[in-house]
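Have a look at the structure below before the remarks.
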Amino acid sequence: VNISAGTINGKVTIATEAQDKVAVSGGSFKDADAIKDYLPSGSALLQKPDGTYEIVAGLLKIGDTYYPTLDAAFKAAADGATIELINQEGAVIAMNGSLYGKSVTITGTAKVDWSKGFLFVGRGGEGNATLTFNNANLTSASDNASTGIHVSGREKDTNNKYDGTLVIKNSTIDLDYLINKGAMTLNNSTLTVKNGFAVGGRPASETESGEDATATMALTNNSKLVVN
């Protein structure tokens with residue numbers, strides 16, 4: 001059986017003896033769990049606004065599992081996981097999402113889009129976060145002056161009570177915009193920011209700890225920060 005089109009709103013049940021005879025290459029499904037093991041290699045399930053799922057190219061993967069968006073990969077990632085960007089001809093990866101409560105590494109070469117929303121580090125949920133780009137080469141297909149990477153810092157009387165740390169190592173990153181309220185380190189890397197950046201430390205009166213919070217950026221091992 002090959003399902004390649006159509007909409008299935010009900011529950012899908014595949015008998016054990018038929019599992020090796022089923023392939024799913026297209027269509028729209030309500031029951032994602034039932035079909036997730038029958039997708040073409042390199043594919044992922046993307047949830048649409050109506051709650052159904054469609055099969056899309058998986059442009060990010062953790063181990064052998066592909067994900068349709070960066071935010072989906074962040075949510076699925078265990079602490080210490082590595083997300084690999086898949087470099088497909090003509091494909092552009094939207095880099096919006098929220099990382100919190102864990103440390104994650106991104107690696108790979110890809111064309112990316114920063115215009116879909118911020119990539120938050122240490123914001124969006126509970127817990128500090130560290131995001132590391134290691135051996136990553138990102139070329140920006142967008143040119144947006146209001147979204148990019150947002151490295152969080154603790155703020156008093158808000159939901160933004162966690163620290164973000166961004167590490168860029170052995171990488172070349174093209175970025176549209178940057179807000180740094182936390183800690184950044186560049187190691188043997190070049191970060192190009194097309195539309196400038198904002199730095200947002202906090203005085204003691206505005207922090208949870210009652211101590212001054214300083215936003216930092218360290219450039220090591222011949223790293224470069226280029227601001228256009």
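For the numbers below, each heavy atom of this structure counts, side chains included, while hydrogens, waters and symmetry mates do not.
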[Y] side chain reached by [X] side chain, heavy atoms, under 4.5 Å:
X      : Y      : value
Val227 : Leu225 : yes
Asn170 : Asn188 : yes
Leu191 : Phe133 : no

Looking only at heavy atoms, which two atoms of [X] and [Y] are closest? And how far apart?
X      : Y      : result
Leu70  : Leu119 : CD2-CD1, 3.8 Å
Thr147 : Ser115 : OG1-CA, 3.6 Å
Ala110 : Ile93  : CB-CD1, 3.8 Å
Leu178 : Met217 : CD2-CE, 4.0 Å

Is it the case that the side chain of [X] and the backbone of [Y] share a donor-acceptor pair, with hydrogens and angles ignored and the cut-off at 3.5 Å?
X      : Y      : answer
Thr107 : Asn134 : yes
Ser140 : Leu175 : no
Thr130 : Ser103 : no
Asn128 : Asp163 : yes
Thr220 : Leu186 : yes
Thr172 : Thr190 : no
Ser152 : Arg123 : no
Asp176 : Asn144 : yes

To the nearest 0.5 Å, tell me how far [X] [atom1] sits from [Y] [atom2].
X      : Y      : atom1 : atom2 : value
Thr185 : Lys169 : OG1   : NZ    : 10.5 Å
Lys111 : Leu138 : NZ    : CG    : 12.0 Å
Leu166 : Ile173 : CG    : CD1   : 8.5 Å

With sequence neighbours excluded, tell me which residues meet side chain to side chain donor-acceptor pair (under 3.5 Å) with [X].
X      : answer
Asp50  : Thr52
Thr65  : none
Asn187 : Asn221

| If you group Ile, Leu, Val, Met, Phe, Trp and Tyr whenever their side-chain heavy atoms sit less than 4.5 Å apart, what else falls in with Tyr177? |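 So far as hydrophobic clustering goes, Tyr177 is joined with Phe118, Phe120, Ile179.
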| field | Residues that, via side-chain heavy atoms closer than 4.5 angstrom, fall in one hydrophobic cluster with Val226 | value |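 In the cluster with Val226 there is nothing else; it is isolated.
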| field | Residues in salt bridge (charged side-chain N to carboxylate O under 4.0 Å, His left out) contact with Asp113, at least two apart in sequence or another chain | value |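 Once residues adjacent in sequence are excluded, the partners of Asp113 under the salt bridge (charged side-chain N to carboxylate O under 4.0 Å, His left out) criterion are Lys116.
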| request: Apply salt bridge (charged side-chain N to carboxylate O under 4.0 Å, His left out) to Asp71 and list each qualifying residue two or more places apart in sequence or on a separate chain. | output: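 Partners of Asp71 under the salt bridge (charged side-chain N to carboxylate O under 4.0 Å, His left out) test: Lys75.
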Tell me, please, which residues at least two apart from [X] pass side-chain contact (heavy atoms from CB on, under 4.5 Å).
X      : answer
Ala129 : Leu99, Val121
Thr216 : Ala183, Thr214
Asp143 : Lys194, Asn195

| request: If a pair satisfies side-chain hydrogen bond (donor to acceptor under 3.5 Å, both in side chains) and one of its residues is in residues 77-99, list it, with sequence neighbours excluded. | output: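 Not a single pair qualifies under side-chain hydrogen bond (donor to acceptor under 3.5 Å, both in side chains).
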| query | Does CG belonging to Asn222 count more than 12 external heavy atoms closer than 6.0 Å? | reply |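 At most 12 heavy atoms, drawn from other residues, nucleotides or ligands, come within 6.0 Å of this atom.
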When clusters are formed by joining ILVMFWY residues with side-chain heavy atoms under 4.5 Å apart, either directly or through shared neighbours, do [X] and [Y] land in the same one?
X      : Y      : result
Val167 : Tyr162 : no
Ile86  : Ile83  : no
Met184 : Val193 : yes

| message | I need the full list of ring pair (Phe, Tyr, Trp, His ring centres under 6.0 Å) pairs touching residues 61-111, with sequence neighbours left out, sorted by first then second residue. | response |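 Qualifying pairs: none.
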